[in-house]
Amino acid sequence: MSRDLHIRAATPEDLVWIHELRHRVYAQELGQHTPQPDRRLYDALDGDNVYLVAARGPVRIGFVSLTPPWLGRYGLDKYLTRDELPLLSEGGLFEVRILTVEPRWRGTAVAPLLMYAALRWISSRGGRTVVAMGRTELLGMYLAVGLRPVGRTVRSGAVTFEVLTGEVAGLTQVAATRYRTVLERFGSVVDWQLDMEWAPGPDGCEHGGASFTAIGTDFRTLHRRHEVVAADVLDAWFPPAPGAGAALTEDPAWSARTSPPTGAEGLLSELAKARALPVETLVAGAGSSDLIFRAFDRWLTPESRVLLLDPGYGEYAHVTERVIGCRVDRFRLHRRDGWRIDVARMASVVGAGRYDLVVVVNPNNPTGRHASAAELRTLIAAAPAGTRWWIDEAYLGYVDLAESLAPLAAVDPRVVVCTSLSKMYALSGVRAAFLVAEPATAALLRRWTPPWAVSLPAQLAAVAALRDPAYYRSCWLRTHTLRRQLAADLARVADTGVVEEGVANFLNITLPYDGPSAARLVRECRRHDVYLRDLSPLSPQYEGRTVRVAVRDAAENARIVAAYGAALETLRPGSLSGQSAGSPADVAAGHAR
């Protein structure tokens with residue numbers, strides 16, 4: 001096949017052909033539906049669900065329909081109740097429907113390509129589970145890609161369907177391994193016009209940091225750091241404290257070649273003084289990710305049950321689900337509640353769930369909301385004795401360090417507090433973090449810490465930073481001023497988007513249903529060397545419409561505002577750019593209502 005085979009989101013013009021093809025196949029050929037006088041079949045979900053289309057040049061040859069969870073209803077609701085199929089009530093469930101190919105293209109790669117496109121679209125919107133109805137005579141094709149029957153069949157007219165399901169991560173793994181050669185071949189010849197990448201990331205975890213790719217990960221073009229606005233990662237906009245900067249520059253040749261204190265003893269001592277904690281309750285790490293991987297690997301197994309916030313920091317889902325393989329549930333936060341934790345509801349879920357671990361990022365990334373220490377203490381006190389709590393306080397300085405649960409973690413074996421020095425102390429590049437746990441837990445984790453885990457530059461800079469709390473308090477206060485100004489400026493650019501501030505060093509913008517997808521906005525802003533974060537892969541709660549913007553200094557914030565305005569103008573329906581080959585993605589992400 002050549003590049004004239006393309007996969008795209010449906011345009012309004014495509015819908016006429018879709019309705020006609022549905023009639024030819026499902027009314028006339030298969031007898032599932034009664035033939036209609038206008039020779040078209042419509043769907044009750046039309047206008048809300050999403051169609052992806054395969055075409056060869058100008059000729060349309062196949063399509064697949066997707067129903068996202070935020071619609072609140074599925075095509076399967078016509079055939080089975082939620083009691084008969086409880087899967088339909090789970091969060092993060094996307095329905096794949098009506099995969100249809102023109103007769104002359106059956107038996108080619110068109111149907112598998114459409115299935116792969118559906119999987120990528122679902123994954124890019126934070127989907128975790130897929131449900132589908134597959135015709136029984138085509139069951140082998142669905143089983144081959146990793147779907148499995150749930151034990152329910154549906155009869156519609158003359159056609160019998162098997163109800164199938166699969167986990168998005170598992171289906172992606174099957175595609176990446178069993179069909180790797182085929183996908184590599186088609187990846188070079190298919191004109192992929194959807195708003196997500198053809199292939200998933202190498203480890204399946206969605207991180208920010210595309211801005212460094214633009215700078216150059218081979219470090220040959222570091223001058224680009226002055227041109228790129230890295231608002232897709234939450235690194236501090238301010239430099240580290242003067243003492244920390246001096247520690248890094250005073251004798252870099254010595255600090256580069258010299259082995260550091262084996263167990264970061266000086267750093268732990270400084271942390272103990274700064275936070276008024278016993279040193280035996282502290283464990284140092286090369287960033288919070290180091291501590292997360294190290295601790296979770298010791299505590300959890302595939303049989304462990306874990307509760308995560310949704311939306312929440314993606315590293316936790318990656319480690320628990322994809323690395324360890326735990327049984328993970330989500331505690332859903334809702335926009336209508338201002339993304340805040342409903343403490344009473346969470347207490348009920350935790351009390352009934354028999355969880356081995358509950359993870360709370362506070363303030364939460366990416367929602368930017370904070371739960372008070374008093375609320376969390378009450379929640380933890382009421383939880384079952386066997387439930388461990390991991391509290392991530394990477395952004396707590398932007399609220400008040402007095403709100404930390406570290407004093408509780410130092411004495412309660414059920415609680416661990418993890419704190420990164422990256423975001424609050426402007427030390428992301430040197431990688432330094434610590435956790436607080438009661439002495440026996442901390443001692444076990446120190447035993448599993450390799451020697452020299454934290455580099456000498458990181459130890460030097462972190463110690464100096466901790467000795468200058470006044471500097472950081474002023475930076476954190478200034479961050480609130482910058483964030484409020486950035487929010488006001490972005491809101492003035494377009495009153496159709498919703499700007500949500502939160503309490504930390506970032507804010508979120510949710511685009512209207514009839515606007516571009518978050519992915520397209522992010523891509524367009526990159527043309528201006530402004531990098532934002534598409535939050536869609538983190539959670540279906542964002543409906544493919546929300547971007548996160550890190551607070552930068554005043555000059556870079558002005559560039560963010562300008563790029564945002566320019567991108568919206570370019571993507572505006574009716575503009576020349578808005579009618580480009582990539583624009584059908586707007587139809588898929590817009591869900592016209």
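The basis for the numbers below is simple: all heavy atoms, side chains too, and nothing from hydrogens, waters or symmetry mates. Remember, it's a predicted structure, so these values are computed and weren't measured experimentally.
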Handout entry: Carboxylate-amine/guanidinium contact Glu184 Arg180, below 4.0 Å
Key = yes
Handout entry: Side chain Thr177, main chain Gln173, donor-acceptor under 3.5 Å
Key = yes
Problem - Side-chain heavy-atom pair Tyr316, Val361 within 4.5 angstrom cut-off - result: yes
Practice task
Over all heavy atoms of both residues, which pair between Arg155 and Thr160 is shortest? Give the atoms and the distance, please.
Solution key: NH1-OG1, 2.5 Å
Exercise for the section: Could you tell me whether the side chain of Leu138 reaches within less than 4.5 Å of the side chain of Thr136, counting heavy atoms only? Expected result: no
Fill in the blank from the handout: In terms of heavy-atom contacts, Val168 and Thr129 come closest through CG2-N, 3.7 Å
Exercise for the section: Could you check Glu500 against Trp339 for side-chain contact (heavy atoms from CB on, under 4.5 Å), going step by step and ending with a plain yes or no? Expected result: CA-CA 10 Å; Glu500 297 175 308; Trp339 301 114; 3.2 Å; yes
Exercise for the section: Give the ring-plane orientation class for Tyr116 versus Trp192, where under 30° counts as parallel, over 60° as perpendicular and anything between as tilted. Expected result: tilted
Handout entry: N-O pairing of Arg305 and Asp329 below 4.0 Å
Key = yes
Practice task
Heavy atoms only: give me the nearest Arg559-Val530 pair and the separation to one decimal.
Solution key: O-CG2, 3.8 Å
Exercise for the section: Kindly compute the distance separating CG (Leu99) from CE (Met115), expressed to the nearest 0.5 Å. Expected result: 6.5 Å
Handout entry: Between CZ on residue Phe296 and OG1 on residue Thr320, distance to nearest 0.5 Å
Key = 7.5 Å
Handout entry: Short side-chain to backbone donor-acceptor contact, Asp14 and Thr11, under 3.5 Å
Key = yes
Handout entry: salt_bridge(Arg220, Asp218) N-O dist < 4.0 Å
Key = yes
Handout entry: Shortest non-hydrogen contact from Val163 toward Val154
Key = CG2-CG2, 3.9 Å
Problem - salt bridge (charged side-chain N to carboxylate O under 4.0 Å, His left out) evaluation trace for Arg8 with Asp191 - result: CA-CA 9 Å; Arg8 54 179 167 77; Asp191 183 11; over 6 Å; no
Problem - Closest non-hydrogen atom pair, Gly134 against Tyr142 - result: CA-CE1, 3.5 Å
Practice task
Dump the intermediate steps for side-chain contact (heavy atoms from CB on, under 4.5 Å) on His6 and Val53, then the final yes or no.
Solution key: CA-CA 8 Å; His6 57 264; Val53 171; over 6 Å; no
Problem - Derivation of the side-chain contact (heavy atoms from CB on, under 4.5 Å) call for Arg431 and Ser455 - result: CA-CA 8 Å; Arg431 310 306 300 152; Ser455 72; over 6 Å; no
Practice task
Could you give me the CA-CA distance, side-chain angles and deciding distance for Tyr26 and Ser156, then say whether side-chain hydrogen bond (donor to acceptor under 3.5 Å, both in side chains) is met?
Solution key: CA-CA 10 Å; Tyr26 297 100; Ser156 179; over 6 Å; no
Exercise for the section: Please examine the side chains of Leu88 and Leu93, heavy atoms only from C-beta on, and report whether any two atoms are closer than 4.5 Å. Expected result: yes
Handout entry: Validation row: Asn49, Leu66 side chains within 4.5 angstrom (heavy atoms)
Key = no
Handout entry: Mutual orientation of the aromatic rings belonging to Trp17 and Phe63 [parallel < 30°, tilted 30-60°, perpendicular > 60°]
Key = perpendicular
Practice task
Calculate, to the nearest 0.5 Å, the distance between atoms CZ and CG belonging to Arg82 and Leu76 respectively.
Solution key: 9.5 Å
Handout entry: Gap separating the CD1 atom of Ile509 from the OG1 atom of Thr546, nearest 0.5 angstrom
Key = 9.5 Å
Handout entry: Identified salt bridge (Lys or Arg N to Asp or Glu O under 4.0 Å) counterpart of Asp195 within the set Arg125, Arg120, Arg545
Key = Arg125
Exercise for the section: Please check if the side chain of Arg22 supplies one atom and the backbone of Tyr42 the other of a donor-acceptor pair under 3.5 Å. Expected result: yes
Exercise for the section: First locate atom OG of Ser65, then atom CG of Leu114, and finally report the distance between them rounded to the nearest 0.5 Å. Expected result: 11.5 Å
Exercise for the section: Flag yes if more than 12 heavy atoms outside Glu197 fall under 6.0 Å of its CD atom; otherwise flag no. Expected result: no
Practice task
Answer whether the closest heavy-atom distance between the side chains of Pro366 and Leu538 falls below 4.5 Å.
Solution key: yes
Handout entry: Any donor-acceptor N/O pair, Thr153 side chain to Glu162 backbone, under 3.5 Å
Key = no
Problem - N-O pairing of Arg332 and Glu90 below 4.0 Å - result: no
Handout entry: Pair Tyr313, Asn364: side-chain N/O donor-acceptor within cut-off below 3.5 Å
Key = no
Completion exercise
Between Leu52 and Ala9 the two heavy atoms that sit nearest each other are CD2-CA, 4.1 Å
Handout entry: Arg523 with Asp534: basic N within carboxylate O range, under 4.0 Å
Key = no
Problem - Polar side chain donor-acceptor pair, Arg335 to Thr510, under 3.5 angstrom - result: yes
Practice task
Start with the C-alpha distance between Glu167 and Arg327, add both sets of side-chain angles, then the distance that settles salt bridge (charged side-chain N to carboxylate O under 4.0 Å, His left out), and finish with yes or no.
Solution key: CA-CA 12 Å; Glu167 300 300 315; Arg327 296 177 293 167; over 6 Å; no
Handout entry: Within 45° cone of Trp448 ring axis and under 6.0 Å: Arg298 NZ or CZ
Key = yes
Practice task
Taking the side chain as every heavy atom from C-beta outward, state whether Asp235 and Lys423 have any pair of such atoms under 4.5 Å apart.
Solution key: yes
Exercise for the section: Check for a donor-acceptor pair, side chain of Asp232 on one end and backbone N or O of Ala210 on the other, with a separation under 3.5 Å. Expected result: yes
Practice task
Can you measure from CZ (Arg106) to CD (Glu102) and round to the nearest 0.5 angstrom?
Solution key: 8.0 Å
Exercise for the section: Measure from the side-chain N and O atoms of Gln36 to the backbone N and O of Thr34, and report whether any donor-acceptor pair falls under 3.5 Å. Expected result: yes
Problem - Validation row: Tyr179, Phe186 side chains within 4.5 angstrom (heavy atoms) - result: no
Practice task
Examine distances only and state if a side-chain atom of Arg152 and a backbone atom of Glu84 form a donor-acceptor pair shorter than 3.5 Å.
Solution key: yes
Problem - Under 3.5 Å: donor-acceptor pair, side chain of Thr172, backbone of Gly170 - result: no
Practice task
Check whether any side-chain N or O of Asp48 sits under 3.5 Å from a backbone N or O of Leu45 as a donor-acceptor pair, and report yes or no.
Solution key: no
Handout entry: Sidechain N-carboxylate O distance under 4.0 Å for Arg128, Glu321
Key = no
Practice task
Could you check Thr165 against Val130 for side-chain contact (heavy atoms from CB on, under 4.5 Å), going step by step and ending with a plain yes or no?
Solution key: CA-CA 5 Å; Thr165 189; Val130 168; 5.7 Å; no
Exercise for the section: Apply the test side-chain hydrogen bond (donor to acceptor under 3.5 Å, both in side chains) to residues His19 and Asp46: give CA-CA distance (whole Å), side-chain angles for both, the deciding distance (0.1 Å), then the verdict. Expected result: CA-CA 10 Å; His19 296 147; Asp46 280 346; 2.9 Å; yes
Practice task
Assert yes or no for the condition that the ring centre distance of Trp70 to Tyr542 is strictly below 6.0 Å.
Solution key: no
